[in-house]
Each structure stands twice: as C-alpha cells, then as structure tokens.
Amino acid sequence: MHYIKKEFEEAIKNIDNNEALKQLKAQFLGKKGRVTELFKRISDLGNEQKKEFGKNINQLKSYIENAIKEKQTQINEFVKRKSLEEESIDITLPSRVSNFGAIHPITKTIIEIEDIFKSMGFDVETGYEIEYDKYNFELLNIPKEHPARDMQDTFYINDNVVLRTHTSPTQVRVMQKKNPPVMFISPGKVYRRDSDITHSPMFHQIEGLLIDKDIHFSDLKGVLSEFLRMFFGDVPVRFRPSYFPFTEPSAEVDIGCIICKGKGCRVCSHTGYLEVLGCGMVHPNVLRNVNYPKDYNGFAFGLGVERFAMLKYGIDNIKLFFENDVRFLKQFSF
Ligand code: FA5
C-alpha cells in the first residue's frame, strides 16, 4: 500500500492540467484503479486483517481524493491567473482610428456660401428640380421660340415639363407666394445637356434675389463684392456687361485669376480674370408676371457651386466631385 502512495505522489507532482489530473484520478480511484483493486483483495483476508487492511485502504483513498482536490484548485487558479494576464488591457497602446464620414466638398461649399448670405440677412428657400416650362422659362421673360432658350441645353420630360436648367424659377415661385420685400438665396441641383472637364449634366447653383423699394445697381455691386471677398479673400472683382432675359441691365462678375494671380494663364485664357456668376437688376416683365407693385424693384444673381469649389480648392476636373473616390473626398474631411 505504501508503494501505491509513493507512486501517486510521484505522478501528481508533474501534473499541471485538468485532463492529466482526470487520467490520474481514473488510474488510482477508477473502476479498475490501483486503490479499487486493493478493495477486491479484502475478501482473501482473515477477519482481523480485514479490519486493519480496510482502514488503511480508506485512509489511502481519502488521502488521494484530498490531494486531487487540492491539485484541482491549484490548476484552476493557475488557469485563471494566466487568462487574466493574457487578456489584460495595455492602456499605453495608441487607440484605433475610426473611419469617420465627411461632408462632401459641394455640400461644404453650399453651407459656406449660405452662411455668408445668412449673415447679411438673406433667408434660404428651396425650389423644384422637376419644373414647368412656364417657371423655368416663360415667367422669366423667356417665351417659347425665344433665342435665349438655346443658351441652356434642356432635358425635356414633355412639352411642358423640364429638369430645371437653373435655380432662377425659384425667384418666381417665392415671389408668387410672398409679398415684397423679399431677400433670399436658394441652392439646389440643376440639369443641362452639357459635359466636359468644367461642365456636368447635373450641377448645383445658388440663386439670390432681393426685392425692396429703392434698390440700385450699386446695392447689387456692394452685396456681391462683399460676398466674394468673404468667400475668396482679398481678390479683385470686376463687373462686365452681359445679357440675361430676366435681368436688365445684366452683368457677369469676374474675380482676379486665383491660379496666376492676374498675370494670365491657361485657366483664365490669359485674361487674368475668371467668370464666377451672372447677375442683374430684375427685369420689369418678371416683376409684372408676379403682380408685384410698381414701386418695388431689386436684383438677382446666380452662381455655379462647382465652379466656386473648383476655384477655392484648386480642382481641375468637375467629374472628381461625382466619382465618389474616397481618396479624393477624404481630403476635404477637415
Ligand atoms: C444662369 O443660369 C442664370 N440663371 C444666372 C442668373 C441668375 C443671372 C439671376 C442673372 C440673374 P449661366 O447659364 O451663366 O446663368 O449659369 C450660371 C453658372 O452656372 C455659370 O457661371 C457656371 O459657373 C455654372 N454652370 C453652367 N453650366 C454648367 C455646367 N454644365 N456644369 C457646371 N456648372 C455650370
């Protein structure tokens, strides 16, 4: 019996996991285990010996049971400590960077322009992208067969409905709804059959309209010059006579070329200036079409958002805005 105990003690010394411990238990206490075998030998003994032998086996059995229990506790504690060590958090590691979305450069430009005009007291209105011919053209003093219709290549849905070619129809819609004075800008998508590196079939415009008593061309010049200074910084601004059917007189506004600083380059066709928007005093026919009183007048303007964004961020191809290449868009996530 003594040698079984010794054998057990030798074996348990080297055990360090639950599986091996289970095997050891079976080896000594299992059905065919060393201790169980001893019990079978009792029947061969005389009465006196039986008692002594039985007592010794029971002592050995409980010794082995206790030793196994103790080992089990040691193994459990070891496993727990090891997993705590392995799972511990290293608070000195740098954090993982999340992939944040960013505002699209066109949306960003619209927000920036809106903020400037809001700071001057302009409201923000919205119009319709699918528009009646009447609003896109006729009420803006562009009757059918008028040559000015050729200025904007139009997507027709049917004879009377178009994808709006500019944001100017919003002028009429707001004036029909509100009595003067009105003072608002209106951003949105517009559509033309047009496509090259500076023209896209879908692009964004921002319309502006101010109607009140005693409004002069000098007010138009003052508001737009201040807006351009706030958006582009200190650049030269030039008003050039132009033609739009819905304004009279009409003008186009240029800023000193941002690329060559006015020296003349390919981008500004060696003129030193870049055209940025169209404007003018609202044509009396347009005011008459919305039944505004005769003592009210005002000015309107319309600008291309992509053009503003391209100039501000030095982008040379309008398509980049719409290809949704994340590498391009990421550069604006500041
Ligand atoms: C107009 O659309 C007038 N409605 C602007 C206006 C409003 C004048 C109120 C007077 C009073 P124009 O066709 O020039 O004007 O377009 C305005 C701007 O839109 C242009 O200066 C240009 O920057 C931009 N633009 C025109 N076509 C495209 C296009 N296909 N892709 C991108 N931008 C364009």
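Whatever order the structure lists them in is the order used to number ligands and atoms, beginning at 1.
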Between the side chains of [Y] and [X], is the shortest nitrogen-to-carboxylate-oxygen separation below 4.0 Å, so that they form an ion pair?
{"X": "K213", "Y": "D295", "answer": "yes"}
{"X": "K13", "Y": "E10", "answer": "yes"}
{"X": "R229", "Y": "D234", "answer": "no"}
{"X": "K82", "Y": "E85", "answer": "no"}
{"X": "R164", "Y": "E129", "answer": "no"}
{"X": "K144", "Y": "E138", "answer": "yes"}

Run the numbers for me: atoms of ligand 1, each under 4.0 Å from some heavy atom of [X], listed by number.
{"X": "F301", "result": "7 (C), 9 (C), 11 (C)"}
{"X": "G304", "result": "18 (C), 19 (O), 23 (O), 24 (C)"}
{"X": "Q171", "result": "9 (C)"}
{"X": "E275", "result": "21 (O)"}
{"X": "A300", "result": "9 (C), 11 (C)"}
{"X": "D194", "result": "30 (N)"}
{"X": "S168", "result": "4 (N), 7 (C)"}
{"X": "T198", "result": "31 (N), 32 (C)"}

Could you tell me whether Y132 atom OH has more than 12 heavy atoms of other residues or ligands within 6.0 Å of it? no
Does F308 come within less than 4.0 Å of ligand 1, judged by its heavy atoms? no
Examine ligand 1 and decide if any of its atoms is less than 4.0 Å from a heavy atom belonging to V190. no
Which option wins on minimum heavy-atom distance to atom 6 (C) of ligand 1: P169, G302, S242, S195? G302
Ligand 1 versus [X]: contacting region, heavy-atom distance under 4.0 Å:
{"X": "E306", "value": "neither"}
{"X": "F246", "value": "side chain"}
{"X": "C279", "value": "backbone"}

Any luck finding a side-chain donor-acceptor pair between E207 and S168 under 3.5 Å? yes
Please report whether ligand 1 has a polar contact with [X], defined as an N or O pair separated by less than 3.5 Å (distance criterion only).
{"X": "S200", "answer": "yes"}
{"X": "T165", "answer": "no"}
{"X": "Q205", "answer": "yes"}

Given E125, which of K178, R173, Q171 fulfils the side-chain contact (heavy atoms from CB on, under 4.5 Å) condition? K178
In terms of the angle between their ring planes, are H146 and Y243 parallel, tilted or perpendicular, with boundaries placed at 30° and 60°? parallel
Would you mind reporting whether I113 and F231 have side-chain heavy atoms less than 4.5 Å apart? yes
